[in-house]
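This report concerns only the one structure given below.
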Number of protein chains: 2
Amino acid sequence: MAEPKHPVRTVDRTLEIVEIIQELDGAGVSEIADRVDIGKSAVHNHLQTLAERDYVDKVDDEYHIGLSFLSLGAYARNQTPIHDAARAEVDKLADETDELVNLLVEQNGKGVYLYQAKGDNAVELDTYEGKDVHLHSTALGKALLAFRPTEEVDEIIDEHGLPAQTAHTITDREEFQAELAEIRENRYAVDHEERIHGLRCVAAPITDNEDRSVAAVSVACPVHQLDDERFYDELPDRVRGAANVIELEYNYS
Amino acid sequence: MAEPKHPVRTVDRTLEIVEIIQELDGAGVSEIADRVDIGKSAVHNHLQTLAERDYVDKVDDEYHIGLSFLSLGAYARNQTPIHDAARAEVDKLADETDELVNLLVEQNGKGVYLYQAKGDNAVELDTYEGKDVHLHSTALGKALLAFRPTEEVDEIIDEHGLPAQTAHTITDREEFQAELAEIRENRYAVDHEERIHGLRCVAAPITDNEDRSVAAVSVACPVHQLDDERFYDELPDRVRGAANVIELEYNYS
DNA sequence: TAGCTTGTTCTGAAAGAGTGAACGATCGTT
DNA sequence: AACGATCGTTCACTCTTTCAGAACAAGCTA
């Protein structure tokens, strides 16, 4: 996507304001005006306009993200064919493993969490539906990239790099390509505390009829919650099994 | 919320554009320009700006709602304490009944679907997470209103009226108040094709410690799918049971 | 009470959103 | 194959309208 030739600055500013509110978990007019480069009267006008349509909620001089965004967000998700195909199986996997199960898709070279199901024993993380993450530092992202053409992976790395998130993140290009090759063989990926310290995940790609990935599913759990045996023997099979069911649903129905 | 004294028109226009795209299930520049009162070059500028941040997706000269809205929408939902408390139980109810289960909250006098779980046999409806509906024409809305003070109900009716959605919608004010009184006694509400022809629902309120409703759960099914016996005997108990579990989770944890 | 915040209102002035025409591309039709 | 229609995109000018800044009310803290 080329840069807009004639961007509408007001729209950018509004989106910025909304994103700041999300980041701060609710904020007041002055607080927002400090972060975005416009005066507080202007911020006030934006917020009133957004509040009118319930895109923000005002609670005691604090503004919060409004539920009107849910309509658009849920709609956007429902539009993706993979969501419908995957949801039931993701729920089931969460139920069986008791862990946190995630579904991720790619958008413009980054990963976006599309759906999340929490088992009874699920770890609490910073991930939420709609959040975007670097693809290279998660099992989900690696599983997804492994089933994309090499040139596409190169493009994505060119654009976003391989920034380190923890000491375990793979930051070397060749090492990363080797990792992807291995994932292609196993049809599952493992993340050893590569994005978050103390967390490891197993992920499997969900591919279309041409074996190109359209999404990935993962189970995430704290390093010390599951012993290695179960982590390496049991989880990969379960995750691949779920991915398989989703693929069938996605490709043949 | 008072009318904004100094609305930011550009923001209104952008939101209008986005809402049109949603309504039309994707649209082109000219198509949008026809509906919103600005030229197509202006619409084009808006869309490019939104696309830059993934708030809209461009696919072959058609623009669609982007996944960036999911981040905000899911975030807004996660902020509501009722969501966390209810989600697991709503899933369970859907699993047990095989039907469509909905969770609704009130916002500015209208109902907003907060969460939805589909059982194996769930009916396909026009409802989706984030959608807003009139409160008076659904079992969910009636259950919710029944546990609000009378003056609050009056205010809401003053603002939104009791418009007929089908031939069965209650459109008379007194009749509606009587219906609410009955719901207060039973602690569950029934919707007899009042919003959609051929659909009936059973809903129960979820109340706080002062017995004021904060949300409602419902099971929805086609009129001819379930015989009257099961509909009237089995469902109310199940739905009230689920509501009860959610209340405990909401109020005491 | 004074002194700091906060959100809100208002008007002028500078910014920029929108108009409308023109261009190039891609249709389906003649 | 050439046409006409319709699409998305670009551009420069103009007039709309956003924004800055000051002033005010309300709520704190000291």
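In this text, all values refer to a predicted model and were calculated from it rather than measured experimentally. All chains are named by letter (A, B, ...) in the order of the sequence lines, taking the proteins before the strands, and each is independently numbered beginning at 1.
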Selected nucleotide, minimal atom distance to A:Ile38 side chain, candidates D:dG8, C:dG7, D:dC19: D:dC19
How close do A:Pro163 and A:Thr169 get, counting heavy atoms only, and between which atoms? O-CG2, 3.6 Å
List the atom of B:Arg195, the atom of B:Gln165, and the distance in Å for their closest heavy-atom pair. O-CB, 3.7 Å
Given D:dC19, D:dC7, C:dG7, identify the nucleotide with an atom nearest to the side chain of A:Ser30. C:dG7
How many whole angstroms separate atom CD of B:Glu31 from atom C1' of D:dG8? 13 Å
Nearest-Å distance, NE2 (A:His46) to C1' (C:dA17)? 13 Å
Nearest whole angstrom, please: distance from the P of C:dT8 to the CD1 of A:Ile32. 11 Å
Assign each of B:Val29 and A:Lys40 the nucleotide of DNA chain D bearing its closest heavy atom; nearer the 5' end lies the nucleotide of B:Val29
Starting at atom CG of A:Asp12, determine the distance to atom C1' of C:dA15, rounded to an integer number of angstrom. 15 Å
Ring centroid separation for B:Tyr128 and B:Tyr113, is it under 6.0 angstrom? no
Taking only side-chain nitrogens and oxygens of B:His44, does any of them come within less than 4.0 Å of OP1 or OP2 of D:dG8? no
Atom CZ of B:Arg13 to atom P of C:dG16: distance rounded to whole Å? 15 Å
Pairing donors with acceptors under 3.5 angstrom, does anything connect the side chains of B:Asp25 and A:Tyr75? yes
Side chain of B:Asp61 - closest among C:dT8, D:dC19, D:dG8: D:dG8
Are B:Ser41 and D:dT9 close enough that a side-chain N or O sits under 4.0 Å from OP1 or OP2? no
So which nucleotide from D:dC19, D:dT18, C:dT8 ends up closest to the side chain of A:Gln48? C:dT8
Nearest-nucleotide comparison on DNA chain D, the residue closer to the 5′ end among A:Arg9 and A:His6: A:His6
Are any of the side-chain nitrogens in A:Arg35 or A:Glu16 under 4.0 Å away from the carboxylate oxygens of its partner? no
Pick base, sugar-phosphate or nothing for B:Asp60, based on heavy-atom distances below 4.0 Å to the nucleic acid. nothing
Residue whose nearest DNA chain C nucleotide is more 5′ - A:Glu62 or B:Asn45: A:Glu62
